[in-house]
Amino acid sequence: MQDLTVIGIENGALLVASESGERYRVAIDEVLQSRLRQSTTQPESGVKVSPREIQAQIRAGMSAEDVARSTGASLEFVERFEGPVLAERLHIVSSALRVPVKVASPTDPLRGDPLSDDQSSTFGDVIEERLDGLGAVDLRWASWKEETGWVVKLTFTASEIDHDARWQYDPKRHSSRR
């Protein structure tokens, strides 16, 4: 049997080519679509888990491996649905780091007056500045959704001690609290 490579789609047909360069058209009809669906469905294990359930578990912080283990679905099947949710979780971290915050300026110890007016910054800038001051290394950001809302987590090491900081984040209000 000769292998063919799909080179395009034209007027409801697949365009395929052989290794020798011969080209063929394969009509995309209901029979072909049905056979393709049958070959890409969930494995014969009989496990029925919906993409929505898989994505909810990944959104809650589970890895694809954890979801496959807990549901009995194949890892390959679970991985088909994790991409958009992982992108969403990265977006939540990025969005939280852009939350505007007011940072009070230090006071002049001799006069008790502020050295300057309050400064506007972002949550990420403030955290980065404080981490630099600690000499923090191995920074790892993560997020997941709980019943109460989104959690943004930062783990890092400073002075050979592992740290874990968590904030609640409301993307609709664009605010966070510890």
Show the atom names and distances, to 0.1 Å, of all donor-acceptor pairs under 3.5 Å that link a side chain in residues 60-67 to residues at least two apart or in another chain.
from  : atom 1 : to    : atom 2 : distance (Å)
Ser63 : OG     : Glu65 : N      : 3.4
Ser63 : OG     : Glu65 : OE1    : 3.3
Ser63 : OG     : Asp66 : N      : 3.1
Ser63 : OG     : Asp66 : OD2    : 3.2
Asp66 : OD1    : Arg69 : NH2    : 2.8
Asp66 : OD2    : Ser63 : N      : 3.4

Exam field: side chain Gln55 to backbone Phe81, donor-acceptor pair closer than 3.5 Å: yes

Just by distance, with hydrogens left out, do Arg140 and Thr155 show a side-chain donor and acceptor under 3.5 Å apart? yes

Rounded to the nearest 0.5 Å, what separation is found between the CD atom of Glu128 and the OG1 atom of Thr122? 8.5 Å

Under a plain distance cut-off of 3.5 Å, with no hydrogens placed, do Ser18 and Tyr24 share a side-chain donor-acceptor pair? no

For Ala158 and Ala136, the nearest pair of non-hydrogen atoms, with its separation, is CB-CA, 4.3 Å

Could you tell me whether a side-chain N or O of Ser121 sits under 3.5 Å from a main-chain N or O of Asp125, the two making a donor and an acceptor? no

So, for Ser143 and Trp150, which heavy atoms are closest and what is the spacing to 0.1 Å? OG-CZ3, 4.0 Å

Side chain of Thr71, backbone of Ala73: donor and acceptor closer than 3.5 Å? yes

Can you see which heavy atom on Gln168 is nearest to which on Glu146, and at what distance? OE1-OE1, 4.3 Å

Compute whether any side-chain donor of one residue and acceptor of the other, for Ser70 and Gln57, lie under 3.5 angstrom apart. yes

Return yes if some donor-acceptor pair links the side-chain N/O of Arg89 with the main-chain N/O of Ile58 below 3.5 Å, else return no. yes

Any donor-acceptor pair under 3.5 Å linking the side chain of Arg25 with the backbone of Leu15? no

Which heavy atom in Val49 sits nearest to a heavy atom in Phe77, and how many Å separate them? O-CE2, 3.7 Å

ring-ring contact (aromatic ring centres under 6.0 Å, His included) partners of His163, counting only residues at least two apart: Phe156

Please round to the nearest 0.5 Å and tell me the distance separating atom CG of Leu154 and atom CH2 of Trp167. 5.0 Å

Please indicate whether Gln2 has more than 12 foreign heavy atoms, meaning atoms of other residues, nucleotides or ligands, lying under 6.0 Å from its CD. yes

In plain terms, say whether Asp164 and Arg166 are close enough for a salt bridge, that is, a side-chain N and a carboxylate O under 4.0 Å apart. yes

